[in-house]
Student: 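Quick one: the structure is below, and I'll ask about it shortly.
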Amino acid sequence: DTTYCKWYGITCTETDGDYGKLPLPSVTKIELGANNLVGSAPLSLLWRLPNLSVLKLDRNDIVYDDYVETELGVLGEDFDSEKEISTNVRFVDLSYTDIGSSTNP
């Protein structure tokens, strides 16, 4: 089911299917800045979307999992491209959100 491709702020493109199967839609952009989103975001999972090129979650009341600090460094400082993330990510905007663990005060 690919109804997520019809969701507001989600952009998909068709990619080649495995082993000659039909083309499959794949998430390429998540653009949900300033949408009054509240809660936690599992960046460790979002980074694994194989064709994700744009991630915009800025200006929301979101707390991110420890992945930002422990795996990626602080927004790119000491960034290790060898981690299990999409190599297609070209733009990330997490500004005006709560970077860090939801368990920290």
Side-chain angles (χ1 to χ4, degrees):
D1 187 14
T2 59
T3 55
Y4 54 84
C5 290
K6 297 176 184 175
W7 296 348
Y8 173 81
I10 304 297
T11 302
C12 295
T13 57
E14 289 195 358
T15 59
D16 293 332
D18 292 333
Y19 309 109
K21 294 180 183 175
L22 295 174
L24 302 171
S26 180
V27 175
T28 55
K29 296 180 183 178
I30 299 175
E31 298 176 285
L32 296 170
N35 272 274
N36 296 313
L37 300 176
V38 177
S40 60
L43 289 182
S44 53
L45 296 177
L46 294 177
W47 290 126
R48 292 187 177 132
L49 292 170
N51 295 303
L52 185 67
S53 63
V54 174
L55 178 62
K56 294 176 67 176
L57 296 174
D58 57 293
R59 295 173 284 139
N60 286 295
D61 191 11
I62 297 174
V63 176
Y64 298 102
D65 57 18
D66 287 334
Y67 192 77
V68 171
E69 293 178 316
T70 59
E71 297 296 324
L72 299 181
V74 179
L75 287 182
E77 294 177 23
D78 302 321
F79 184 79
D80 184 354
S81 62
E82 298 301 316
K83 300 289 183 188
E84 287 185 46
I85 65 169
S86 170
T87 58
N88 294 320
V89 175
R90 298 290 180 247
F91 183 83
V92 175
D93 188 353
L94 303 177
S95 61
Y96 300 101
T97 59
D98 195 5
I99 304 297
S101 173
S102 59
T103 59
N104 290 337

Student: Mind listing the closest non-hydrogen atom pair of Tyr4 and Pro25 along with its distance?
Tutor: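 Tyr4 and Pro25 have their closest heavy atoms at OH-O, 3.8 Å.
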
Student: Between Asn88 (side chain) and Leu52 (backbone), is there a donor-acceptor pair under 3.5 Å?
Tutor: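 Not at all, since once roles are kept as given, no pair shorter than 3.5 Å links the two residues.
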
Student: Are the side chains of Asn60 and Asn35 in contact, using a 4.5 Å heavy-atom criterion?
Tutor: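 Side chain of Asn35 against side chain of Asn60, heavy atoms only: contact under 4.5 Å found.
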
Student: Step by step, work out the side-chain contact (heavy atoms from CB on, under 4.5 Å) result for Glu14 and Ser26.
Tutor: CA-CA 6 Å; Glu14 289 195 358; Ser26 180; over 6 Å; no

Student: With the 4.5 Å side-chain cut-off for hydrophobic clustering, are Leu57 and Tyr8 part of the same group?
Tutor: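 Same cluster.
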
Student: What heavy-atom pair brings Ser40 and Ile62 nearest, and what distance separates the two atoms?
Tutor: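 Shortest heavy-atom contact: C-CG2, 4.2 Å.
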
Student: Heavy atoms, side chains only, cut-off 4.5 Å: are Leu46 and Leu55 in contact?
Tutor: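 Result yes, sub-4.5 Å side-chain heavy-atom pair found.
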
Student: Hey, could you give me the CG/CZ distance between Leu32 and Arg59, rounded to the nearest 0.5 Å?
Tutor: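 With rounding to 0.5 Å, CG (Leu32) is 11.5 Å from CZ (Arg59).
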
Student: Could you give the distance from CG (Leu37) to OG1 (Thr97), rounded to the nearest 0.5 Å?
Tutor: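 It is 11.0 Å, given to the nearest 0.5 Å.
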
Student: Would you sort out whether Ile30 and Ile10 count as a side-chain contact (heavy atoms from CB on, under 4.5 Å), showing the intermediate values?
Tutor: CA-CA 5 Å; Ile30 299 175; Ile10 304 297; 3.9 Å; yes

Student: Give the cluster check for Val27 versus Val54: same hydrophobic cluster or not, with ILVMFWY residues linked at side-chain heavy-atom distances below 4.5 Å.
Tutor: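 Different clusters: Val27 never reaches Val54 through Ile, Leu, Val, Met, Phe, Trp or Tyr contacts under 4.5 Å.
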
Student: Under the side-chain contact (heavy atoms from CB on, under 4.5 Å) criterion, do Asp58 and Tyr96 qualify, and how do the steps go?
Tutor: CA-CA 6 Å; Asp58 57 293; Tyr96 300 101; 5.7 Å; no

Student: Out of curiosity, Thr28 OG1 to Arg90 CZ, how far, rounded to the nearest 0.5 Å?
Tutor: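 Those atoms lie 13.0 Å apart.
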
